[in-house]
Structure formats: C-alpha cells, structure tokens
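The structure appears below as structure tokens.
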Amino acid sequence: MSETELRHLMAAIDVPPTRADVQQAMVDGRRRSRNRAVVGAAVAVLVVAGGVVAVTQVNRPSSATPVPATPASKAAGCTVETYKVPEKWTAGTIDAIDDTGRYLVGTLSTGTVRTPVRWQHGVPAPLAGATGSAGPVNSSGVVAGADIDENDHLLGWVWKNGKMTRLAAPSGYLWTVPQGINARGDVVGFATSALYVSIPVLWPADHPGTVVKLQMPAGLGASHANFSRATGIDEHGTIVGVILGRPVRWSADGLATPLPLPGPAPTSGGGDAGTVGAIRGHFAFGTFYAKPAGSTLNDKSLVTAVRWDLRAGTVTSLAVGHFNGVSGAATGGAVTWNDDPNPSARITPDGRLIPLNQPSGGGALALEMSADGSTIIGQTRGDSSRPVVWHC
Amino acid sequence: MRTLRDAEYVEYVTARLPALHRAAYLLCGGDAALADDIVQTTITRLYQRWRRASRADNLDAYVHRMLVNTFVDEKRQDWSKVRLLPSVHGDVPSRTESTIEDRDALVAALRTLPTRQRAVLVLRFLLDRPVEEVAEILECSAGTVKSQTSRGLAVLRDQLVLKNHAG
C-alpha cells in the first residue's frame with residue numbers, strides 16, 4: 001500500500017464518538033496543580049519482619065489524587081516494604097520470585113538502559129554478564145530474561161552461573177520471549193516472526209542452544225490478533241499456555257488439550273477466552289475473560305480469576321473482578337492486580353479476597369508469590385516504579 | 001469560563017478534539033475506552049501547561065507529541081510492570097484490544113503491529129509529522145522511523161490482502 005492510500009484510509013475510517021470532556025479537563029487540571037504544591041517528598045523508616053530496617057521514600061508527587069499514607073503494619077496479616085533504587089537508575093522492579101522465595105530478581109532501568117539484578121535484603125546486585133530485563137527464576141537461581149532492542153523486539157536469554165546464553169529462535173522466527181522456567185532449568189515461552197506470528201516453544205535445559213516447537217492445531221492461519229505462547233512448565237514436563245486465545249496444557253509427551261473454562265467463552269471481538277500463567281505445585285492460575293456460568297453480575301468487563309488443578313483436570317473460579325493479572329502459589333492461594341487506586345489483593349486458597357495493604361504512596365501491584373504464599377513481590381506504578389515486597 | 005486564557009483553551013481543544021480522538025483511536029487499535037482515557041489525560045495536561053503551550057511555535061505538534069507520549073507511557077507501564085511474566089505482555093495485543101469488535105479492517109490490521117510501529121504510522125500519516133519530529137517524540141533515530149514505516153506498511157499491506165482473500 002502506498003503512503004497516500006494509508007493517509008486516506010486513516011482519515012476515512014469510522015470512529016465512535018469521543019467522550020472527552022473539556023470542562024472536566026479544566027476542573028481536573030486546576031485540582032492537580034493545587035495538589036502538586038502541597039504534597040512533598042517524605043522519608044519514613046519502617047521496621048519490617050526479621051528486624052531489617054528498610055528506608056522508604058514516598059513516591060514523587062504524581063498527578064493522581066494523593067492516597068493517605070498508611071503506616072507499615074501487620075494489617076491483614078502482611079507487612080509491606082518498598083525498596084530503594086540506586087541513584088543512577090530511574091526505576092526498579094522485582095519481576096519474579098522462585099518457589100522457595102529465596103530468589104527475587106528484577107530490573108533496574110533508566111528509560112533507555114536496563115540491567116537485570118537479584119535483590120537481596122533490599123539491595124540489588126547485577127547479574128554479571130547479563131543485560132536487559134529479568135524474567136522467571138527457578139530455585140537454583142537460573143534466570144530467563146530478554147534484551148529489548150530499539151524496535152521493541154525481544155531477544156531472550158537464560159542466565160546460569162554467571163553465563164548468559166541466547167534462547168534460540170526456530171527457523172523463520174526472529175524474536176524469543178521466555179515466560180516460565182522449572183526447577184531443572186527448562187524454559188518455555190514463545191517465538192515471534194517478522195509478521196508478528198507467535199508460536200509456543202520450549203528451550204530444554206539439557207540441550208542449550210536448541211528449541212522445540214510445541215504442538216499447535218493443524219491448519220493454523222496467520223492469525224495475529226491472538227498470540228500463542230507457553231507460559232508455565234513443571235518438573236514433570238507438563239506445560240501450560242495459550243493457543244489462539246484459549247488456555248491449554250501440553251502433556252509431557254507433547255499433546256495439547258484445552259483447559260476447562262468456568263463458563264462459555266466470550267464471543268465478541270478477537271475471541272480470547274483467557275490466559276494462564278506459571279504452574280505452582282499442581283495448580284496453574286490465570287484469568288477467564290468473562291463471568292463464570294450462572295453469574296448474575298451485570299458488568300460486561302468483569303473477568304474471573306481461576307485456578308486449574310492439573311492433577312484433577314478441574315477449574316475453580318476464585319474471584320470475579322477487573323483483574324489484569326492473577327498469579328498463584330502451590331497452596332492454592334493467589335494474588336491479583338488491576339488498575340484501581342488500591343489495586344492488589346490476596347485470594348486465600350478457599351477463595352476469600354483480602355485487599356493487600358499498600359505502602360505509603362499507594363499504587364503497588366502484587367505480581368507473584370512464593371510457593372507457600374508467604375512472600376509476595378510487586379512494584380509501584382508509574383515511571384519511577386519501585387519494588388515492593390509483602391511478607392504474609 | 002474564568003479567564004480569556006480558559007476561553008482560548010476551550011476553543012482550541014474543541015476544534016482539535018476530532019483529530020486527537022481519531023489519532024488516539026488508531027493508536028489504541030480500536031479500543032475506544034482507552035482512546036478516551038488517553039485524550040482526556042492529554043487535554044487535562046494541556047490545560048495545566050496552557051500558558052506555556054499556547055505560546056509554542058507549533059501548538060498542534062506539541063499536542064500531538066503529548067498524545068503519543070501519553071499513549072506510549074501507558075504501554076510502557078504495562079510493559080515495565082510485568083515484562084516477562086505470563087499475565088501481561090506489552091509488546092503484543094493486550095486483552096482489552098482483542099475483545100474489541102473489528103469495526104474496520106485497517107484498525108484490526110493496525111492492532112497487530114507493535115505499539116511503537118503503530119505510533120510511527122499514526123504520527124506520520126494521520127498527523128503528518130516529519131520524520132525528524134517523529135524520531136524525537138519516540139526517542140529513536142530517523143533511520144529507525146523510516147525502517148519502521150516501511151515495515152509497518154508492508155505488514156499492513158499483507159494483512160489487508162489476507163483479509164480480502166479470507167473474505
């Protein structure tokens with residue numbers, strides 16, 4: 001297509017009416033300018049579990065209405081601490097935690113440069129020889145991660161004993177993205193082609209430099225709107241992931257079967273039914289993009305946090321809400337996050353939703369938990385994200 | 001209307017709103033709700049900076065830059081939140097985008113592009129910003145803008161051809 005054609009097409013497409021509100025913009029604009037003058041930086045000292053003292057800093061004033069500072073306490077059974085980020089870095093995250101809770105890995109970034117680190121006692125140590133962003137980590141401290149090039153393409157790697165090895169792309173594919181790792185160091189994820197077709201793959205620990213394409217349904221067209229990927233793997237070689245928008249499992253001998261859903265899959269738009277993440281114990285956790293069958297709730301944007309029991313082959317609805325992410329523990333409990341002002345909650349194994357206490361400054365997302373559910377990792381939102389750890 | 005300055009702001013934004021909304025809609029791959037959020041955030045920030053902004057040489061360019069930065073930040077946040085973990089991935093169509101109805105083949109095709117590539121095409125061909133300015137807004141080189149443009153056009157071409165054949 002020519003540039004002229006694209007210009008015409010873009011100008012001509014039918015867009016739904018805007019709901020922007022100019023008067024409201026002025027009201028909000030005036031209010032935020034006032035608040036900025038009032039909220040300043042403050043330093044609070046928290047004493048957290050284990051007697052380690054962590055100094056936290058209230059986040060730089062944002063344009064959101066300030067949240068009243070909550071004291072660090074054992075409210076709801078958890079303490080929360082925010083880690084500092086060394087001065088030359090503008091943002092820091094904890095991206096993953098292993099089953100034992102011993103390894104917390106994440107990324108420091110300046111906006112253009114990223115470096116993967118291991119966090120210990122609130123202090124980041126670089127993964128020597130690795131660059132880019134950290135991803136999943138196993139209980140031997142093996143980390144899978146990726147560099148992001150200037151075109152936002154991911155070039156995956158696995159880091160073990162101080163050595164970084166590139167994750168191989170299958171022939172015809174360019175980019176690799178790790179998503180899950182097991183105790184042996186097998187990594188699963190996806191590979192992407194130049195036309196942005198993504199397929200689920202496995203990188204076996206035994207054969208570094210090789211890649212295995214996981215079974216996909218025959219007759220697969222070049223469908224881009226649903227991307228297929230593997231997201232979790234356990235010690236037995238069972239893998240979970242998503243094929244064309246549908247959560248699936250692959251058995252150790254490579255056969256793909258759909259995971260059961262708690263209700264009819266949504267039919268509108270791209271038709272994604274849901275997603276599934278890492279395997280913890282014999283459970284996998286994820287999100288179903290609709291309400292469970294029989295629900296009388298009215299809101300069409302509600303999703304269901306779900307837990308699959310991979311041994312029994314069953315699915316359980318844990319909670320219904322506006323979850324962006326769900327991640328769980330071998331106990332059957334989970335954490336969720338969304339975009340609300342106080343965005344994170346724990347779900348107990350029997351399905352009770354308990355909001356997680358927020359650090360002062362609020363806005364902390366809970367992303368993953370250790371296998372026994374006692375350590376939860378996450379980060380504060382915004383450009384200057386900071387790692388957050390809950391001990392429950 | 002408190003001041004003359006407010007009146008100027010309202011007049012400017014009201015006139016530009018359709019174009020901003022169209023740009024946001026394309027950037028967001030047809031997600032009207034997200035597009036509304038992005039436009040609202042942009043015009044609110046514009047109000048806060050109006051005194052300075054209204055004196056800019058090229059106010060339209062300034063506002064386009066704000067809009068795209070708001071969009072990219074939104075995507076970067078998704079990305080920086082959970083970079084390599086299964087629940088969310090910023091580089092590929094997010095869950096909200098995939099439940100949007102395909103109002104238009106172009107919107108659906110744009111949705112398959114990574115966000116940065118979408119931003120390049122919208123900035124260049126809907127908002128008519130020159131290559132150097134696009135490079136500055138997206139913090140990349142002019143060469144990258146050009147290669148992203150040709151790659152994006154090629155993918156769109158293939159997508160729209162595929163769609164036509166699939167019927």
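Order of the sequence lines fixes the chain letters, A, B, ..., with proteins taken first and strands second; residue numbering starts at 1 for each chain.
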**Prompt:** For chain B, which of A/Asp21, A/Val242, A/Leu9 has the most heavy-atom pairs under 4.5 Å?
**Reply:** A/Asp21
How many angstroms lie between [atom1] in [X] and [atom2] in [Y], if you round to the nearest 0.5 Å?
{"X": "A/Ile13", "Y": "B/Leu110", "atom1": "CD1", "atom2": "CG", "result": "8.0 Å"}
{"X": "A/Met10", "Y": "B/Leu26", "atom1": "CE", "atom2": "CG", "result": "5.5 Å"}
{"X": "B/Arg157", "Y": "A/Glu5", "atom1": "CZ", "atom2": "CD", "result": "9.0 Å"}
{"X": "B/Leu17", "Y": "A/Thr18", "atom1": "CG", "atom2": "OG1", "result": "4.5 Å"}

Which bit of [X] is near chain A, if near means a heavy-atom gap under 4.5 Å: side chain, backbone, both or neither?
{"X": "B/Asp37", "value": "neither"}
{"X": "B/Leu46", "value": "neither"}
{"X": "B/Val120", "value": "neither"}

Closest approach of [X] and [Y], non-hydrogen atoms and distance?
{"X": "B/Tyr47", "Y": "A/Gly29", "answer": "CD2-CA, 4.0 Å"}
{"X": "B/Phe125", "Y": "A/Leu6", "answer": "CD1-CD2, 3.5 Å"}
{"X": "B/Ile43", "Y": "A/Ala20", "answer": "CD1-CB, 4.3 Å"}

**Prompt:** Under a 4.5 Å heavy-atom cut-off, does chain B meet the side chain of A/Gln24, its backbone, both or neither?
**Reply:** both
**Prompt:** A/Arg19 side chain to B/Gln40 main-chain N or O, any donor-acceptor pair under 3.5 Å?
**Reply:** no
**Prompt:** If only atom types and distance count, is the side chain of B/Arg22 paired as donor or acceptor with the main-chain N or O of A/Ala11 below 3.5 Å?
**Reply:** yes
**A/Met26 vs B/Val10, side-chain contact (heavy atoms from CB on, under 4.5 Å): CA-CA, chis, key distance, verdict** = CA-CA 9 Å; A/Met26 295 198 289; B/Val10 170; 3.6 Å; yes
**Prompt:** Is the closest side-chain heavy-atom distance between A/Asp28 and B/Gln48 below 4.5 Å?
**Reply:** no
**Asked** Hey, is B/Asp6 close enough to A/Arg30 for a salt bridge, meaning N to O under 4.0 Å?
**Response** yes
